[in-house]
Amino acid sequence: MNTNEGKIRIMRDDKISSALLKLSLPAITGMLINALYNIVDAYFVSGLGTSQIAAVSIVFPLVQIVIGVGLTFGSGAAMSISRKLGAKAYTKASVTASTAIFYSIVSGVVITAVSLLFIDKILVALGASETILPYARSYGMIYLAGCMLHIFCIAMNNIVLSEGAAKMTMFAMILGGGLNTILDPILIYTLDLGISGAGIATVLSQGITFLVFLWYIMAKKGILRISWKLFSLEKSTIKEILKFGVPVLLLQVFSGMAMGLTNTAASSYGDSAVAAMGIVARVIALACYIVFGYVKGFQPIAGYNYGAKNYKRLNQAISISLKWTFIYCALVTVIFIIFPANIMHLFSENDQNLITLGVQTLQANAYVFVFFGAVMVYSTLFLALGNAKEGSILSLARQGIFFIPAIFLLPYFIGLNGIIYAQPFADLLAFFLTLCYALPLHKKLKLAYERI
């Protein structure tokens with residue numbers, strides 16, 4: 001398959017820094033668009049009132065879980081596909097991709113049915129008060145009705161990226177995100193649909209992205225062939241996808257749980273507290289998703305070169321990734337420390353309690369964000385190398401293993417400050433755990449390189 005050689009040359013032959021940029025920039029764009037869907041919705045909905053923006057905050061954990069399901073099949077398949085492409089097993093890679101897409105569609109349908117059936121109970125469990133619930137229901141039901149589109153697009157974005165078709169993923173995601181930005185003010189204000197308009201804009205935009213990816217499949221533009229004929233019922237295929245996809249899902253589920261628990265804890269302090277925590281969560285998610293996107297570009301390069309036993313090239317990718325993510329996270333830290341009030345004023349001008357609480361929370365998170373890049377590089381690296389256990393633990397550490405105990409215990413002892421400092425406390429512990437795993441890994445890779 002000579003056409004395959006042209007597609008995978010980036011991962012195999014290009015200068016590492018160039019290869020990382022070529023693959024990570026489109027991935028960053030894709031993840032950034034996912035974050036911007038929520039930022040844009042929150043920005044335009046903020047003009048409707050505090051309860052409405054709090055409603056978007058309540059639904060945000062559900063969005064995180066939906067993204068997690070898409071990443072389960074997309075990212076899980078991508079990690080397997082990149083190694084198969086490195087070993088020149090092209091047919092097996094196509095079987096993996098086809099199976100992942102099929103299950104992503106089925107999962108989307110199931111999530112829609114179950115979530116809509118229990119929508120009120122779910123929203124109340126996520127911290128919706130009586131004043132927030134009607135708005136959360138209006139926005140949430142529309143988003144969940146179309147979440148299959150979102151899941152499919154995320155899965156396809158990761159799978160297409162794994163074969164090196166980076167420009168395609170960038171085009172599809174930018175098109176959807178740009179349309180959402182245009183439709184939001186029209187549907188919310190011009191057509192007077194209120195918060196429902198934000199949900200409709202999101203679903204319509206994701207529908208357009210869905211059609212672009214569907215065209216890509218039908219026109220057979222990529223290396224991989226995605227077809228019902230290649231769908232596999234073999235346990236080994238889905239097991240391999242889930243082996244690397246479930247840790248990503250759990251990361252998103254725990255992220256959703258973290259936001260839900262934060263909303264619940266904040267709800268006793270009023271709608272302004274819920275809205276403030278939701279805004280900060282979105283802003284931090286925007287910053288985090290750039291790192292998420294970068295490591296998605298790093299992942300196929302790491303997986304491919306590990307599969308090809310090119311350990312020198314692998315080590316170069318690790319070193320550059322640690323350097324670049326540290327610089328980026330340091331810049332974000334500076335911005336969050338210096339301009340927190342400016343950021344919060346984008347979402348509210350009149351609710352001073354919301355702004356004050358948001359500024360405190362944003363600054364508290366800023367001081368430890370500098371470590372975030374290293375945690376993500378190594379959690380992705382372990383998964384790319386096939387070390388699911390270590391990768392899973394590091395993926396779950398930040399908003400699962402450490403955060404959940406923190407959000408339960410800290411508010412009990414120090415009240416509202418406990419909610420503010422729960423995430424920074426968890427981030428710091430996650431970094432120290434990463435160091436404990438990273439040092440032995442580098443010794444292992446050094447030995448492998450010396451044996452060649």
Side-chain angles (χ1 to χ4, degrees), residues 35-64 120 122-143 184-185 188-189 194-199 201-202 255-288 336 339-366 407 411 415-424:
L36 282 174
Y37 272 111
N38 299 291
I39 287 285
V40 169
D41 282 357
Y43 175 77
F44 285 111
V45 168
S46 65
L48 299 173
T50 299
S51 295
Q52 285 90 333
I53 194 172
V56 177
S57 300
I58 292 295
V59 176
F60 193 38
L62 294 177
V63 177
Q64 290 291 91
D120 279 10
I122 293 172
L123 295 174
V124 170
L126 292 173
S129 64
E130 291 184 3
T131 54
I132 296 173
L133 182 59
Y135 301 112
R137 185 192 301 116
S138 297
Y139 178 74
M141 288 185 69
I142 295 170
Y143 170 77
D184 257 345
I188 294 172
Y189 297 106
I195 196 169
S196 297
T202 297
S255 296
M257 287 178 59
M259 293 176 189
L261 291 170
T262 301
N263 288 336
T264 301
S267 62
S268 59
Y269 296 93
D271 289 2
S272 293
V274 175
M277 292 300 171
I279 291 170
V280 171
R282 279 171 171 72
V283 172
I284 293 175
L286 183 64
C288 289
F336 283 175
F339 303 108
N342 303 76
I343 293 171
M344 294 306 299
H345 275 291
L346 292 174
F347 300 92
S348 179
E349 289 290 343
N350 303 318
D351 194 331
Q352 190 57 47
N353 187 38
L354 183 157
I355 294 171
T356 300
L357 184 56
V359 167
Q360 288 179 276
T361 308
L362 201 54
Q363 286 185 323
N365 280 274
I407 195 63
L416 184 57
N417 284 333
I419 303 174
I420 293 173
Y421 290 102
Q423 188 64 69

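Sequence positions, counted from 1, serve as the residue numbers for this chain.
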Check step by step if side chain to side chain contact (heavy atoms under 4.5 Å, CB included) holds for Ile132 and Leu123.
CA-CA 9 Å; Ile132 296 173; Leu123 295 174; over 6 Å; no
For [X] and [Y], which heavy atoms make the closest approach, and how far apart are they?
X: Ser129; Y: Thr131; answer: OG-OG1, 3.0 Å
X: Val280; Y: Gly358; answer: CG2-O, 3.6 Å
X: Pro424; Y: Ala364; answer: CG-O, 3.4 Å
X: Thr202; Y: Tyr143; answer: CG2-CD1, 4.1 Å
X: Gly199; Y: Ile142; answer: C-CG2, 3.4 Å

Strictly distance-based, threshold 3.5 Å: is any side-chain N or O of [X] a donor or acceptor partner for the main-chain N or O of [Y]?
X: Ser57; Y: Ile53; result: yes
X: Ser348; Y: His345; result: no
X: Tyr189; Y: Asp184; result: no

Inter-residue atom distance [X].[atom1] - [Y].[atom2], 0.5 Å rounding:
X: Leu357; Y: Leu416; atom1: CG; atom2: CG; answer: 5.0 Å
X: Gln360; Y: Asn417; atom1: CD; atom2: CG; answer: 6.5 Å
X: Ser196; Y: Arg137; atom1: OG; atom2: CZ; answer: 11.0 Å
X: Ile355; Y: Ile279; atom1: CD1; atom2: CD1; answer: 8.5 Å
X: Ile58; Y: Met277; atom1: CD1; atom2: CE; answer: 12.5 Å
X: Leu133; Y: Asp120; atom1: CG; atom2: CG; answer: 5.0 Å

Any donor-acceptor N or O pair under 3.5 Å, side chains Asp41, Tyr139
yes
Side chains of [X] and [Y], heavy atoms from C-beta outward: is any pair under 4.5 Å?
X: Ile122; Y: Leu126; result: yes
X: Tyr269; Y: Val274; result: no
X: Met344; Y: Thr356; result: no

What residue among Asp271, Asp351, Asn353 forms side-chain hydrogen bond (donor to acceptor under 3.5 Å, both in side chains) with Thr50?
Asp351
Within the supplied structure, the quantity of interest is the number of heavy atoms (other residues, nucleotides, ligands) at a distance under 6.0 Å from Phe336 CZ; does it exceed 12?
yes
Is atom CD of Gln352 surrounded by more than 12 heavy atoms (other residues, nucleotides or ligands) closer than 6.0 Å?
yes
Of all pairs that satisfy side chain to side chain donor-acceptor pair (under 3.5 Å), the ones with a partner from residues 257-268, not counting sequence neighbours:
none
List the residues meeting side chain to side chain contact (heavy atoms under 4.5 Å, CB included) with Ala281, not counting sequence neighbours, and say none if there are none.
Phe60, Met259
The side chain to side chain contact (heavy atoms under 4.5 Å, CB included) partner of Val56 among Leu48, Ile195, Val63 is Ile195
